[in-house]
Number of protein chains: 2
Amino acid sequence: MTAAANQNGRRATASRRLERAGIRDVAAAAGVSITTVSDALNGKGRLPDETRSRVREVAERLGYRPSAAARTLRTGRSGLIGLTVTTYGEEPFTFTEFAYFAEMARAATSAALGRGYALVVLPASSRHDVWSNIALDGTVVIDPPDQDPLVTELYRSGVPVVSDGKPGNCPVTAWVDNDHEAAVLGILEHLSEAGARRIGLLTGTSTDTYTRLSTEAYLAWCDRVGQEPVYEAYPAHDPAAGAVAADRLLARPDRPDAVYGLFDPNGTDLLAAARRYGLRVPDDLLLVCCSESDVYANTEPPITTLSLKPRRIGTTVVNLLIDAIEGVDAGSGAVPGRLFPPRYRTAGTGPPPGTLMPTELIVRASSQRRCPRTTVSPPRPPGEV
Amino acid sequence: MTAAANQNGRRATASRRLERAGIRDVAAAAGVSITTVSDALNGKGRLPDETRSRVREVAERLGYRPSAAARTLRTGRSGLIGLTVTTYGEEPFTFTEFAYFAEMARAATSAALGRGYALVVLPASSRHDVWSNIALDGTVVIDPPDQDPLVTELYRSGVPVVSDGKPGNCPVTAWVDNDHEAAVLGILEHLSEAGARRIGLLTGTSTDTYTRLSTEAYLAWCDRVGQEPVYEAYPAHDPAAGAVAADRLLARPDRPDAVYGLFDPNGTDLLAAARRYGLRVPDDLLLVCCSESDVYANTEPPITTLSLKPRRIGTTVVNLLIDAIEGVDAGSGAVPGRLFPPRYRTAGTGPPPGTLMPTELIVRASSQRRCPRTTVSPPRPPGEV
DNA sequence: GGACGTCGAAGAACCGTTTCTCCATGAGCA
DNA sequence: TGCTCATGGAGAAACGGTTCTTCGACGTCC
């Protein structure tokens, strides 16, 4: 009691009026020590239920909210996870530009909150300005390019990093990605079966894994089946460039009779380009593009899309990251009382663990030649087209 | 020197191996006190440039990164801003569900980062679980409903709150909103001029300001021009309900010949419903909906949309919030050295300052009767429909 | 020659928790 | 009676910075 009053007395001398109640105030009001308050509120220590509930009640009455900063400083944990996209240039925030990012970020946010963490959206630029002002328990990086300096720096400073997209040449704790190779091959097969003779690709110029792996899979397939590759690459972050590239692709002398577009807007771009050249879809041109947008269910004609299932990815990435964050403490079991785990690194042997997740091809009219009546299928109601 | 070695010695006794360098390590390595290090790195104090640069160089060499948690604890500033949507139910994260939120959040993120702050995405539920674990300098709330308990609690605990959407009955530091009344009136006039005789409204059931003000403006207009209101309301967070409501609206005996839909998906929903009833757009039905999506530029026919200019809103909201956060310190000039400003509140007189921002009506085919040749307009090229 | 101002820097309090350590007290037991 | 042990709780040391205060040394000025 005396001690509590004393501790509080020191503060009372200062001209504090409207300050929030601190743990000391609660302790004084409840007539216990701050240790007891902390234990009672956090469910630790050996306290009879009576004391516990009394302290809780006093804290409630005083509107006590523990200082997140102090807790973070002491425990070394902030409950904050960084989320960043590094690929598409420095300046413009491409978040939500493609439905993929939006969906993925949303799922990641939900998953994090479900486990008591919050997401902080951060820029790709590795300028310390913002990054080092925030205590992060870990970071999710979407599509890191080769040799990403940001990832390297984070890793060096001991922050766990999990990437969406297999990392090219930078060290991450773990990564999650779609099986892009299988996806592209599946699409090429799908188009071949629909009658395509020459399949073109609309791809990007950046070095992220998605672009690279997809393009490589396409080229390998061309090589295998003996088709000359027909593709156009453009900077994916520039929407105007996409339309131009689509146009170029269809203007080529060796015009493809089927096209797969790697990026979300490619579907509408290709559709518009096809119209300009008087090509009917799917009769003259089969179309598939990678997109999470359900816009393509309502275009004329509806366009077959490849979904990367961003929600599953976002959820998985976050869960892996939090596992890593929390797992370290459990893992260093030798010294139970350690406040700070040793630097966060994979064991040092071999590549970081990766998870491949399946994609989903949503087949619509744009990739099926008309008259599917030749196949065995149920008759349609007359009302539909 | 001795002191520095001494301070460091205390730490060296513990078995710290891979720990990050702290300010004490830098001080020891540079042969100065930690005060000097702090001052040198933060550009404060009276130090000759030579010392300053030497300290900086040592810090760089040691890879020193100041602890954000410690800084936050001492200065009372975290550089973190919360961002939350409270309206549409507890569970599902509606972020990015509508293009409006996505755009707004993106602009807000950019604006915050530009001023050295980062955004934390937080759930609407006022459960303390996550909220009180994070040190926030302020919060942006999108569309707070009437009597939002979250906003009230934040306000009580002294965190500045700026809302996107005029707050109904909860105390905020400031707010930003579109002039919804003017927007709705503009649309109704636009439709009337296009020949509409009975204009219907597709609206929501929630109590956020957007829904409320828009609906009230519609009802007031009906009252004024002597039209019987024709509207359907549905829970905006449920996409399936939107399609049903659109259908209901067009199935009514007093079917409107023009409809304005308050929510993003209403355009496609209404278009689909119109098809089901054999209504041609715009011949039999004029259509406008509020949306930020450019999908409506490519529907058949293209649909007139009202844009709320979410980027401008997001930028403004964040700037107002940061002004409030930083302004307090500057304002309490009487005691320059104060660490903690007094509780953040508006002066206590009158409502919080609000800013109204204009909207933009993007007129497309869906809201213009055919044969505008009767009006004075340039002849069209023959290629177009 | 002493008072004084300035420069450069060190000392130490403090921010508000968590948690390790330690101390009473009283019961159980030989 | 003396010892051990469990219980309930207090004390105080961190955590890692920022910043207020102090202090010596050195010119300078009257």
Side-chain angles (χ1 to χ4, degrees), chain A residues 1-4 6-8 10-11 13-14 16 19-27 30-52 54-55 64-78 132-133 135 336-340, chain B residues 1-4 6-8 10-11 13-14 16 19-27 30-52 54-55 59 64-78 132-133 135 335-340:
Chain A
M1 188 84 89
T2 337
N6 192 8
Q7 298 223 15
N8 201 37
R10 201 173 49 201
R11 308 178 74 222
T13 58
R16 308 172 152 257
E19 299 303 332
R20 280 180 10 186
I23 197 173
R24 277 178 256 267
D25 302 311
V26 178
V32 295
S33 72
I34 60 173
T35 305
T36 303
V37 175
S38 179
D39 284 348
L41 261 34
N42 295 323
K44 300 189 175 178
R46 296 171 308 191
L47 298 176
D49 286 346
E50 192 273 330
T51 306
R52 222 174 270 278
R54 184 163 46 86
V55 169
Y64 168 68
R65 299 274 175 276
S67 149
R71 174 175 291 169
T72 298
L73 176 59
R74 183 66 236 251
T75 64
R77 282 260 234 293
S78 66
S132 63
N133 254 332
R338 277 181 71 81
L339 255 182
F340 292 95
Chain B
M1 188 86 87
T2 337
N6 191 6
Q7 296 222 15
N8 201 36
R10 202 173 48 201
R11 306 180 73 224
T13 59
R16 306 173 153 256
E19 298 304 331
R20 282 181 7 187
I23 197 173
R24 289 175 175 81
D25 302 312
V26 177
V32 296
S33 72
I34 61 173
T35 305
T36 303
V37 175
S38 179
D39 284 348
L41 263 34
N42 295 324
K44 301 189 173 177
R46 297 174 306 191
L47 297 177
D49 286 346
E50 191 273 330
T51 306
R52 222 175 269 278
R54 182 162 48 88
V55 169
Y64 169 67
R65 298 275 174 278
S67 150
R71 173 174 293 169
T72 298
L73 177 59
R74 185 65 236 254
T75 63
R77 282 260 234 291
S78 65
S132 63
N133 254 331
V335 191
R338 276 183 69 84
L339 255 182
F340 293 95

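As the structure is a computational prediction, the values presented were derived from the model and not from experiment. Naming: A, B, ... by sequence-line order, numbering from 1 per chain.
Per the geometry, CG belonging to Asp49(A) stands 13 Å off P belonging to dT7(D), to the nearest Å. Rounded to whole angstrom, the span from the CD1 atom of Ile34(A) across to the P atom of dT21(C) amounts to 17 Å. At whole-Å resolution of the value, CG in Leu41(B) and P in dG17(D) are 10 Å apart. Between the CG atom of Asn42(B) and the C1' atom of dT19(D) there is a distance of 11 Å, given to the nearest Å.
With rounding to the nearest 0.5 angstrom, the OG atom of Ser67(A) is 13.5 Å from the CZ atom of Arg74(A). Rounding to the nearest 0.5 Å places CG of Asp39(A) at 10.5 Å from CD1 of Ile34(A).
Distances from the side chain of Arg74(B) to the nucleotides dA10(C), dG8(D), dC15(C) place dC15(C) closest. Considering only side-chain atoms of Ile23(A), the nucleotide from dG16(D), dA10(D), dT17(C) that sits closest is dT17(C). The nucleotide whose nearest atom lies closest to any side-chain atom of Leu73(A) is, among dT18(D), dT17(C), dG16(D), dG16(D). The side chain of Leu47(A) lies closest to dG9(D), out of dG16(D), dT17(C), dG9(D).
Residue contacts for Asp39(B): at a heavy-atom cut-off of 4.0 Å it reaches a base atom on one of the strands shown. Heavy atoms of Thr51(B) sit under 4.0 angstrom from primed sugar atoms or phosphate atoms, though from no base atom. In this structure, Ser38(A) reaches the bases: a heavy-atom distance under 4.0 Å links it to at least one base atom across the strands shown.
Applying the 3.5 Å distance criterion, the base of dT17(C) shares no donor-acceptor pair with the side chain of Arg71(A).
Note on Tyr64(A): every side-chain N or O is 4.0 Å or more away from OP1 and OP2 of dG16(C). Under 4.0 angstrom from either OP1 or OP2 of dT18(C) there lies no side-chain N or O belonging to Lys44(A). For Thr75(A), no side-chain nitrogen or oxygen approaches OP1 or OP2 of dC15(D) to under 4.0 Å. The side chain of Ser33(B) contributes an N or O atom lying less than 4.0 Å from OP1 or OP2 of dA10(C).
Where Ala70(B) and Thr35(B) meet DNA chain D, the nucleotide closest to each residue was compared, and Ala70(B) sits on the side nearer the 5' end. Residue Arg46(A) is the one, among Ala69(B) and Arg46(A), whose nearest nucleotide of DNA chain D lies closer to the 5' end (criterion: closest heavy atom).
At distances below 3.5 Å, not a single donor-acceptor pair connects side-chain atoms of Arg52(B) with backbone N or O atoms of Arg46(B). Remark: side-chain polar atoms of Arg71(A) are not paired, donor with acceptor, to backbone N or O of Asn133(B) under 3.5 angstrom.
No side-chain donor-acceptor contact under 3.5 Å links Thr35(A) and Ser38(A).
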